[in-house]
Each structure stands twice: as structure tokens, then as C-alpha cells.
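Each chain gets a letter, A, B and so on, in the order its sequence line appears, and its residues count up from 1. Please read these numbers as outputs of a predicted model, since none were measured by experiment.
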Amino acid sequence: MAARVSSLRRPAAPTSRTQLAIALLMLAALAPLPTLGLEIYWQGVVITSLYYAMLATNWNLLAGYTGLFSLAPAGFAMLGAYVTALLWTYAGVSPLIGIPSGAIVCAVVGLIIGILTLRLSGPYLALTTLALAEILRVIALNSFDITRGEIGLEVPALFSHQSSYYYMFIVAVGCLLIGLHWLLGKPCGLYLRAIRNDETGARARGVRTVFWKVFAFTISSGFCGLAGALFAHYVIIVSPSIGHLLVTGLVMSMVVLGGMGTLLGPLVGALLVNVSSEYLRAAGDYQHIVFPIIVIVFARFCREGLVGRIAMMFNARAGVNAARGSRTTEVLASS
Amino acid sequence: MLSSMLVSGLITGTFYALMALGLTMIFGVLRIVNFAHGEFYMIGGFAYVLLYHSLGVPIVAALPAAVVAGAALGWVVERLLIRPVYAEMGARQQGRDEYAIIVTFALSILLIAAMTKIVGPWSLQGPRLIDGPPLLIAGIRVSPHQLAALGIALFFLLGTLYLLNYSLWGRQIRAVAQNRSAAAVMGVDVGKVSTIVFATAGGLAALAGALLSNMISPSPDVGAFPAIKSYVIIVLGGLGSPLGALIGGLLLGVIENLGAIYISFSYRDTYGLVLLVVILLVRPNGLFGEMRREV
């Protein structure tokens with residue numbers, strides 16, 4: 001029983017600077033790899049991982065820090081990608097305007113869905129986002145005249161070299177993590193975590209829970225749209241497959257594996273899942289079987305995830321030292 | 001034209017209600033949404049089609065076998081994966097919701113991927129229950145197969161509602177849905193009730209999948225839309241309300257069919273989302289939902 005109770009607790013310092021520092025060090029370590037001769041193929045794997053890391057970080061802001069469950073991170077990424085693709089195809093709008101527009105459209109849709117569903121307590125957000133994601137995908141598939149269905153829309157590339165995309169995504173993930181760390185250090189970060197831990201209690205203490213839940217969902221949707229729009233200009237083709245529920249499943253497994261409610265978890269999870277996906281795909285497309293099983297096992301037995309578990313081990317050691325210290329002072333006081 | 005569309009909407013709605021009824025019962029008893037509900041539907045469809053085509057099992061046996069397969073899957077899922085939810089029942093709602101959403105969603109992807117691995121990504125058409133030329137009933141053309149499927153669906157739908165209202169098990173299920181701890185104090189085995197509800201829900205969804213396998217050929221991802229529609233229906237009818245699931249299912253079937261003629265056929269799957277948004281705006285507790293009180 002004691003084990004179960006402790007597994008429910010979050011690691012003590014979820015926004016610790018250490019985690020941000022480790023994440024930035026990891027990104028810094030990835031940065032020089034193209035110049036050191038990382039193959040184009042593996043550069044692509046890292047770029048995809050970083051794109052997923054953006055989605056996973058945004059999903060983590062909701063699930064890990066605010067306790068909201070959206071099933072549309074991939075849906076919003078697809079929406080963001082289609083906004084920039086449609087603007088380019090039908091109005092000739094440059095991607096420099098198209099990409100931010102994608103983010104803004106997603107944020108507005110997120111705001112509307114958030115206002116509709118987050119006033120209510122219950123599973124309404126998950127139900128509505130699931131319906132939204134699938135229905136957006138079907139609209140994109142069926143509106144052949146506008147979106148060319150499964151074939152997809154072509155969009156222009158931003159750079160001529162793949163390594164430029166590589167640096168762009170490293171910078172994007174770095175900025176996102178720094179921004180999230182900054183946000184969570186503000187009072188707003190405390191409100192979000194208060195909502196996650198005990199929504200009724202937070203409301204009783206005067207936190208405007210609905211406002212902050214809608215706020216978190218809106219920015220998370222916006223950034224998912226941004227990630228999708230950026231990724232669209234890397235893959236150069238925008239098709240409904242960007243928004244498939246399997247993508248949402250992968251995002252979820254990255255966060256659960258890495259650690260919900262930890263700053264570093266989604267990045268670690270995204271790299272682990274994507275790199276191992278390469279091998280599982282080569283072995284015969286087992287990734288969508290293996291990762292759901294890992295997710296179920298982690299959700300059952302290790303809900304704090306890899307990073308959370310390691311953080312707990314460090315915290316426990318620190319706790320032991322603190323206890324030893326206090327005993328020393330007790331001994332000193334009694335003597 | 002209008003009356004025939006109304007009738008065909010009610011027919012579709014009956015199958016929707018069959019799925020939504022199980023989903024809303026699970027929500028009533030466990031306060032969680034089963035995001036793998038569409039995969040129960042898919043398993044039922046495949047069990048029926050594969051038993052008939054690959055093993056040559058006659059239809060009379062394949063249909064019950066499909067229901068049993070769905071119920072068995074529901075039983076196993078509840079026993080292995082949903083049990084930990086009770087440990088956190090009442091203690092910490094956040095942890096329970098988190099666990100339930102993550103696990104059922106992962107299960108849904110796992111079942112789709114596993115089925116794709118086993119039978120391939122193609123769709124397989126199911127056999128008809130009865131062969132024969134279409135009948136004209138009150139100016140509406142229906143095939144004998146559709147009539148038989150509708151009859152079986154209605155029988156199970158009304159049978160489940162009857163049992164829910166008048167049998168001892170039904171009373172226990174409603175007691176647990178109303179107040180879990182009070183029901184436990186009164187001697188109801190809440191764990192057993194939850195298992196039975198999950199198995200029933202799995203069986204009903206599998207039945208829908210098998211009955212519709214002739215009209216909508218099962219493929220590994222066939223369950224996505226029936227599931228999304230049942231999510232819309234349970235919100236429309238009120239989360240946890242069996243009567244709401246029935247009325248909501250029929251209503252969605254009719255609205256989709258009317259929308260298909262008067263607005264656009266190819267976007268008929270999207271009307272559910274529009275309906276969902278309208279309910280959330282106008283009557284978030286659904287048609288038959290009760291205000292949830294918080295303590």
C-alpha cells in the first residue's frame with residue numbers, strides 16, 4: 001500500500017533548473033553532430049525526434065503540469081501545417097507569415113474548445129479533442145478539391161540544406177523548454193500545478209481554475225500548431241497522415257516513458273522512442289505494438305517515468321542526507 | 001424520401017445506441033471513458049468474419065462467438081488493466097482519470113496495431129445473416145439481412161435496458177453507479193459488478209461490429225468512427241445515463257441521415273462534432289444527465 005501511495009506522488013522538484021540545464025546540454029551536444037559527419041538519414045531522425053519533442057513538451061504542459069488530457073496534439077499539428085500550406089497554395093503567402101498564422105489558428109481553435117469543455121468537470125476535453133482530431137483528418141482527406149486528399153499539398157522548403165532544419169529545430173526545442181521553465185516559475189506555473197493536484201482545493205484558495213486551464217490549453221494548442229507548421233516546411237508535403245491518432249499515441253508514449261510533469265522527460269522520451277522506432281520499423285513495423293505496451297506498463301508501475309524515477313532517487317538520497325544532518329543536530333543539542 | 005431517410009436514420013441509430021449503451025454503463029460504474037471502445041467493435045466484426053470465412057463456422061454460431069469474443073476481451077481488460085482504478089477510487093480523482101485515459105488510449109492503439117499485424121490492413125466483408133431479395137415495407141426498401149440485424153440489435157438493446165432496470169444484477173449496477181461506497185457497504189461486490197459491466201459493454205460493441213460487418217467491412221481501424229460517435233452520444237444523452245444513450249443514439253442517426261441529404265453526404269461523419277459543440281454550449285449535462293455535485 002505504501003508503495004502505491006508513493007507512486008502517486010510527483011517528484012519533488014519538477015521544474016528544477018538542473019533538468020533544464022541537462023536538456024540544454026543534450027541539445028548542445030546534438031548541435032555539432034552534422035559537422036562531425038552524422039549521416040543525412042540520422043539527421044532526419046533527430047529532426048523528427050525534435051519535432052516530436054515539441055509536441056510532447058506541449059502535451060506534457062497539459063497532462064503533466066495541469067492535469068488536462070488532450071487527444072489532439074497531432075490534430076493541431078496537422079491543422080497548423082494545413083494553414084500554412086493552404087495560405088501558400090491559394091494566396092501565395094510566404095511561409096514566414098504562414099507558419100505563425102498556423103500557430104495562431106490553432107491557438108484560436110484551442111481557445112474555443114477550451115472555453116466549451118473546460119468549464120465542465122469530467123472527461124469532456126479528451127472526448128472533444130479526439131472527435132476534433134479525427135474529424136479534421138477526415139475533412140482533410142475528403143475535401144479533395146482543396147487539399148488533394150491523401151496526396152497532400154506541396155509547400156516550399158525553408159532552407160536548401162538539411163542541417164539548417166536541424167539547427168532550426170534544436171533552437172525551437174531549446175526556446176520552448178526555456179519558455180516553459182520560465183512560465184512554470186511564475187505564479188501561473190504554481191496555479192497550473194495546484195489545479196493538477198487538487199482542482200477543488202485550488203478553486204477554494206481563489207485560483208481561477210477555468211481561466212488557467214483554458215490558458216494552458218490555448219498555448220499548448222498554439223505551439224502544437226507551430227511545431228506542425230515548421231515540420232510541414234521540412235517534409236515539404238502536407239498530408240492528413242500528420243494528424244493520425246497513431247502520432248498522438250507516440251507523443252503520449254514519449255511523455256509517459258520520459259516522465260510526466262518533468263521538464264526533461266518529453267525530450268528524453270522523444271529521442272528514445274524515435275531512435276528505437278527506427279530499429280523496430282526495420283524489424284517489421286513493431287513500434288505501434290511495443291510502445292503502447294510500454295505505456296501501459298509505465299502507467300501501471302512507474303507513473304513518474306524515467307526522468308521522474310531518477311529525480312526521485314536523487315531526492316531520496318538528498319532526503320537521507322538531510323535526515324542524517326538533522327539527527328546530528330539532535331545529538332548535538334542533547335549533549 | 002424524408003420518411004425513408006428517417007427510418008434509415010433510426011436503423012443506424014440503433015447500432016450507435018448499442019455501442020453507446022456499453023460506454024455509458026462503464027462511465028456510470030467506473031467514472032472513466034473507455035477509449036478502446038471502438039476496438040471492441042472491431043474485434044467483434046473480425047471475429048464474425050474470420051470465423052465464417054476462414055474456419056467455415058456457420059453464421060448461427062459465428063455471431064454469438066463474436067459477442068463472446070468481445071465480452072471476453074472486456075473481461076480481461078477490466079481484470080488486468082482497469083482494476084487499479086478502484087484502488088484510487090474516491091481517493092484521488094486526478095490519478096484515476098490520468099491512468100484510465102492513458103491506458104485505454106494505449107490499448108486502443110495496441111489492438112489496432114496488433115490486428116494489422118495479424119490480419120493485415122485490409123477490410124473483409126462479412127456474410128449476410130439472411131440472403132434474399134429486398135423487401136418493400138411501407139414504401140421503404142430493406143434487405144432481409146438489414147431487418148434481421150436490426151431485430152437482433154433491438155432485442156439486445158432493449159434486453160439490456162430491461163435487465164438493467166428489473167434484474168438483481170441491474171439493480172446492483174445502478175446502485176454502484178449511484179454511490180459506489182454505499183453500494184459496497186450494502187453488500188454489493190463492486191469489483192464483480194465492474195467486471196460484468198465491462199464484459200457486457202464489450203459484448204454489445206462486438207455485436208454491433210458483427211451485425212454491421214456486411215455493410216461496413218471490418219478493417220483494423222474501423223472502430224474509430226463508431227467510437228467517436230458513441231462519445232458524442234454519451235455526452236448528448238448525459239454521461240452515465242442508459243436511457244440517454246438510447247435516445248441520443250437514435251437522434252444522432254437521424255441527424256446524420258438528414259444532414260447527408262440536405263447538407264452534404266461526404267461530410268456526414270462531421271455532424272457529430274457539430275452536435276457535440278452545440279450540446280456543450282446549450283446543455284453540457286446532456287439530455288438525461290444530472291448535475292454532478294462536488295463535495
- Task: Might you work through the side chain to side chain contact (heavy atoms under 4.5 Å, CB included) test for B:Leu239 and A:Tyr124, ending with a clear yes or no?
- Result: CA-CA 10 Å; B:Leu239 289 175; A:Tyr124 294 97; 3.6 Å; yes

- Message: Restricting to non-hydrogen atoms, name the atom on A:Glu134 and the atom on B:Ile228 that form the minimum distance, rounded to 0.1 Å.
- Response: CB-CD1, 3.2 Å

- Pairs of heavy atoms under 4.5 Å with chain B: top-ranked of A:Leu132, A:Ile296, A:Leu246, A:Asp198: A:Ile296

- Would you give the length of the straight line joining atom CG of A:Leu127 to atom CG of B:Leu23, rounded to the nearest 0.5 angstrom? 8.0 Å

- Check the pair A:Ile135 / B:Phe225 against side chain to side chain contact (heavy atoms under 4.5 Å, CB included), numbers first and verdict last. CA-CA 9 Å; A:Ile135 282 164; B:Phe225 270 95; 4.1 Å; yes

- Message: To the closest 0.5 Å, what do you measure between CG (B:Leu81) and CZ (A:Arg300)?
- Response: 8.5 Å

- Among B:Leu273, B:Val232, B:Ile32, single out the residue with the greatest number of heavy-atom pairs under 4.5 Å to chain A. B:Leu273

- Residues two or more places apart in sequence or in another chain: which of them pass side-chain contact (heavy atoms from CB on, under 4.5 Å) with B:Asn257? B:Met5, B:Ser8, B:Thr12

- Tell me, side chain or backbone of A:Ser143 under 4.5 Å from chain B's heavy atoms, or both, or neither? both

- Under 4.5 Å from a heavy atom of chain B, the part of A:Phe298 involved: neither

- Message: Counting heavy-atom pairs under 4.5 Å with chain A, which one of B:Ala106, B:Ala224, B:Ala227 comes out on top?
- Response: B:Ala106

- Message: As an exercise: rank B:Leu276, B:Asp221, B:Ile102, B:Ile234 by heavy-atom pairs under 4.5 Å with chain A and give me the winner.
- Response: B:Ile102

- Message: Within this structure, what is the CD-CZ distance for the pair B:Glu98 and A:Arg303, rounded to the nearest 0.5 Å?
- Response: 5.0 Å

- Relative to chain B, which of A:Val256, A:Val290, A:Thr128 shows the most heavy atom pairs under 4.5 Å? A:Thr128

- Message: Which residues in residues 110-119 of chain B have any heavy atom closer than 4.5 Å to a heavy atom of chain A?
- Response: B:Leu110, B:Ala113, B:Ala114, B:Lys117

- Task: Take atom CZ of A:Arg281 as the centre, draw a 6.0 Å sphere, and report whether it contains more than 12 heavy atoms from other residues, nucleotides or ligands.
- Result: yes

- Roughly how far, to the nearest 0.5 Å, is CG of A:Leu125 from CD1 of B:Ile101? 8.5 Å

- Message: Can you tell me which of A:Thr248, A:Leu71, A:Ile113, A:Val138 forms the most heavy-atom pairs within a distance under 4.5 Å of chain B?
- Response: A:Leu71

- Message: Using the side-chain contact (heavy atoms from CB on, under 4.5 Å) definition, which of the options B:Ile279, B:Val278, B:Val277 pairs with A:Leu116?
- Response: B:Val277

- Query: Hey, what do you get for OG1 (B:Thr270) to CD1 (A:Ile139), rounding to the nearest 0.5 Å?
  - Reply: 5.5 Å

- Who among A:Thr117, A:Leu245, A:Ile115, A:Leu136 has the most heavy-atom pairs with chain B under 4.5 Å? A:Leu245

- Query: In terms of heavy-atom proximity below 4.5 Å to chain A, should B:Ile109 be classed as side chain, backbone, both, or neither?
  - Reply: both

- Looking only at heavy atoms, the pair that brings A:Pro123 and B:Phe27 closest together is CG-CE1, 3.7 Å

- Message: For chain B, which candidate among A:Ile293, A:Leu130, A:Val295 shows the most heavy-atom pairs at distances under 4.5 Å?
- Response: A:Leu130

- Message: What part of B:Val103 gets within 4.5 angstrom of chain A, counting heavy atoms only: side chain, backbone, both, or neither?
- Response: both

- Query: Looking only at heavy atoms, which two atoms of A:Ala126 and B:Phe35 are closest? And how far apart?
  - Reply: CB-CZ, 3.6 Å

